[in-house]
Number of protein chains: 2
Amino acid sequence: MKRIADSTVRRLSMYLRYLEDLDTRGQQTASSDELAHLCGTTPAQVRKDLSFFGSFGKRGLGYPVHELTAHLREILGLQREWKVLIIGAGKIGAALANYRGFRQRGFTVAGVYDNDPNKVGQPWGEAIVRPMDALEADLNRDDAPIAVLAIPAEGAQAVVDRLVKAGVRAILNFAPTQITVPPHVNLKSVNMAMELEGLSFALTNPGYLDEGAA
Amino acid sequence: MKRIADSTVRRLSMYLRYLEDLDTRGQQTASSDELAHLCGTTPAQVRKDLSFFGSFGKRGLGYPVHELTAHLREILGLQREWKVLIIGAGKIGAALANYRGFRQRGFTVAGVYDNDPNKVGQPWGEAIVRPMDALEADLNRDDAPIAVLAIPAEGAQAVVDRLVKAGVRAILNFAPTQITVPPHVNLKSVNMAMELEGLSFALTNPGYLDEGAA
DNA sequence: CCCTGCTTGTGAACAATTTCACAAGCTCTA
DNA sequence: TAGAGCTTGTGAAATTGTTCACAAGCAGGG
Ligand SMILES: NC(=O)c1ccc[n+]([C@@H]2O[C@H](COP(=O)([O-])OP(=O)(O)OC[C@H]3O[C@@H](n4cnc5c(N)ncnc54)[C@H](O)[C@@H]3O)[C@@H](O)[C@H]2O)c1
Ligand SMILES: NC(=O)c1ccc[n+]([C@@H]2O[C@H](COP(=O)([O-])OP(=O)(O)OC[C@H]3O[C@@H](n4cnc5c(N)ncnc54)[C@H](O)[C@@H]3O)[C@@H](O)[C@H]2O)c1
């Protein structure tokens, strides 16, 4: 079984988004060329990405939109519902918990946790903030959720260790710090300051990007 | 002038974060090995990344922490203040506007814009929400800010076109849609749904990741 | 002053990813 | 049934990014 690049998975996710659009508009087929234009990539890339998982298209015609949508959902594991735990009932946590885009894709917020006694027990969106102490007891190992970490950097690694010990095998981290997890746990980090700094770099050093500008 | 990979810039940003830590703790020097461990990369990677910009270390000793910190700030363009415009006074916009991490790095929110008449004019953190109409007049082309796009996907491309026309040359986009900009404009997108779907994929297809699992 | 022990800086090897290019195959038309 | 016109699927080539390995060079001790 071939290793799939991270970049490929991200693109699959994007193909799915646009295929869903086309599907609701009733379009029957889409060529790799059309998908590429929608997603800002190249036709060859689209075909190569899909070819890792099977051969879904018809030569001369393109890909059947509705069918490919279903295939991609399955590949990405989106036929099922995923439970999501939000750790940290702060500003970022609040934005995420109410984010419609997640629910649309089958991610449902199963709980919100915080260690601030003033927040615990308070209503928060449709949920009630739970104490960190309750974490282990709340978790069902057979259906371990995805954890979203939205707490300050200082406590992050300790909380991650605790989540991992409790059976969580996927974590989306927003704290701007390096987190380590055992190999069987999947970790993704979103670091917004880093993105802004990337823009700062690009604005400051146009020469390093536009090959050969003086 | 050599093209610098995106991944390199992201790592520079991370090196800077940890060097600042070491600096405040008074540590004089740091080896590529130490930095690598802090940042979750390899010593060779650290040295190669830095070598693109000069030779900052002393053989046998390592890198002078304070000095390298300054160099990295300069490379990343962080000696100066960057003005940031937030477009969309919603939940994500609110989280970002109050995010301490940005101000710490020299990014200051210069304005918040929205097209909802009920939000325009309302106080919002330390700012007051301004109408989209005011955008062009507010912008000073000689000191164009970085724009953060926190509005729904539907209107995103139109607003981007308008920002670009008004002189904005760097945009951080949170709307989950493909945006196109002319080549002289820098665009980064953060797509959280895509990250979650990446986790879903990893949980669903362990075989595609752990080389050769049956 | 020279030797020992480290650590950098970097070309070259390697690995991963993207792009190319084209044979194979489908549909439609006559 | 044959031919035209597209578009897929995929090895091979090209490009991009990471890791290796080692000469060069500094500090500190004898
Ligand atoms: N606000 C943003 O726009 C933004 C952007 C990028 C990254 N981040 C990062 O996201 C994280 C959260 O940011 P925020 O703005 O929501 O902060 P916040 O202060 O609004 O919220 C943090 C919450 O986490 C809780 N908390 C702290 N330590 C905890 C622990 N050990 N266990 C459980 N709960 C704990 C606090 O009680 C608080 O409710 C930070 O790491 C921040 O750097 C925030
Ligand atoms: N909330 C989240 O956690 C989250 C996570 C990831 C991505 N996003 C994305 O970020 C964007 C904003 O999300 P949100 O949750 O803050 O939404 P929101 O509805 O809370 O806020 C959106 C704001 O944008 C304003 N707006 C809409 N169209 C506009 C236009 N053309 N010009 C100016 N202002 C306009 C609205 O009046 C509203 O105030 C969306 O694209 C969403 O998909 C949100």
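Labels below follow one simple rule: chain letters A, B, ... track the order of the sequence lines, proteins then strands, and each chain is numbered from 1.
B:E81 and B:T108 form a side-chain donor-acceptor contact under 3.5 Å, judged by distance and modelled atom types alone. No hydrogens or angles considered: nothing links the side chains of B:Q157 and B:Q178 as a donor-acceptor pair under 3.5 Å.
B:R10 has its CZ atom 12 Å from the P atom of D:dT18, to the nearest Å. Summarising the geometry, the separation between CZ on A:R3 and P on C:dA16 is reported as 8 Å, rounded to the nearest angstrom. Across the protein-nucleic acid pair, A:D6 atom CG and D:dG17 atom P stand 15 Å apart, rounded to whole Å. Counting to the nearest Å, the C1' atom of C:dT8 and the CZ atom of B:F56 are 13 Å from each other. If you take CD of A:E34 and C1' of D:dC6, they are 14 Å apart, rounded to a whole angstrom. When the C1' atom of D:dG17 is taken as reference, atom CD1 of B:I4 falls 12 Å away, rounded to whole Å. One interatomic measurement links the two molecules: NE2 of A:H71 to P of D:dG9, which rounds to 11 Å at whole-angstrom precision. The distance from atom NE2 of B:H37 to atom P of C:dT7 is 12 Å, rounded to the nearest whole Å.
Map B:A44 and A:D49 each onto its nearest nucleotide of DNA chain C; the residue landing nearer the 5' end is B:A44. Annotation: of the two residues near DNA chain C, A:L61 and A:T42, the 5′-most nearest-nucleotide partner is A:T42.
Using the six-membered ring where Trp is involved, B:F53 and A:F201 have ring planes that are perpendicular, over 60° apart on the 30 and 60° scheme.
Residue B:K188 places its NZ atom among more than 12 non-hydrogen atoms of other residues, nucleotides or ligands, all under 6.0 Å distant.
Comparing C:dT27, C:dT19, C:dG9 by their nearest atom to the side chain of B:Y63 picks out C:dG9. Distances were taken from every side-chain heavy atom of A:R47 (C-beta onward) to each of D:dT10, C:dG9, C:dT17; the shortest belongs to D:dT10. Here the nucleotide nearest the side chain of B:S31, chosen from C:dG9, D:dT19, C:dT8, is C:dT8. When distances are taken from the side chain of A:K48 to each of D:dA27, D:dT10, C:dT10, the shortest belongs to D:dT10. Here the side chain of B:S7 is nearest to one of C:dG9, D:dG17, C:dA12, namely D:dG17.
Interface remark: the B:R59 side chain does form a donor-acceptor pair with the C:dT8 base, using a distance-only criterion of under 3.5 Å.
When the side-chain nitrogen and oxygen atoms of B:Q45 are compared with OP1 and OP2 of D:dT19, one or more of them lie within a distance under 4.0 Å.
Note on B:S32: only backbone sugar-phosphate atoms sit closer than 4.0 angstrom, heavy atoms only; bases stay farther off.
Not a single donor-acceptor pair under 3.5 Å links the side chain of A:R162 to the backbone N or O of A:E136.
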